[in-house]
Amino acid sequence: MPKKIPLRQCVGCREHKEKTQLVRVVRSPEGEIALDPRGKAPGRGAYLCPDPQCLKRAVKSRALERALSAPVPDEVMETLAAQLEEVSGGG
Ligand SMILES: [Zn+2]
């Protein structure tokens, strides 16, 4: 039996990818929105490719705020974009 890899949908490009290839965005119980690179933070989560373009699309289409059930202010988006670049560029 091949190992079953959980798939998650990127809220930006809507492609299904392996969970390990996506980055989780989480809204904590306190209402704080941040990247969750380890995928273990409590709260409501959404998945994104480690690609700033996907973040932009997710915010523009409101898919991210729908997924988190919370508005995503510009400054939060900028923080997420910076964190995404760290995650994607930190090889
Ligand atoms: Zn994507």
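As the structure lists them, so they are numbered: ligands from 1, and atoms in each ligand from 1.
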Tell me which one of K17, Q9, K19, Q21 satisfies side-chain contact (heavy atoms from CB on, under 4.5 Å) with Y47.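 Between Y47 and the candidates, side-chain contact (heavy atoms from CB on, under 4.5 Å) is satisfied uniquely by K19.
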Could you give me the CA-CA distance, side-chain angles and deciding distance for I33 and V26, then say whether side-chain contact (heavy atoms from CB on, under 4.5 Å) is met? CA-CA 6 Å; I33 298 171; V26 71; over 6 Å; no
Exercise: identify the closest heavy-atom pair between [X] and [Y]:
{"X": "S61", "Y": "V11", "answer": "OG-O, 4.5 Å"}
{"X": "L55", "Y": "M77", "answer": "CD2-O, 3.7 Å"}
{"X": "V25", "Y": "L68", "answer": "O-CD2, 3.8 Å"}

Do the side chains of C49 and V23 get nearer than 4.5 Å, heavy atoms only?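 Answer no - side chains too far apart.
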Ignoring waters, how many N, O or S atoms from the protein are under 2.8 Å from the Zn ion (ligand 1)?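 There are 4 of them.
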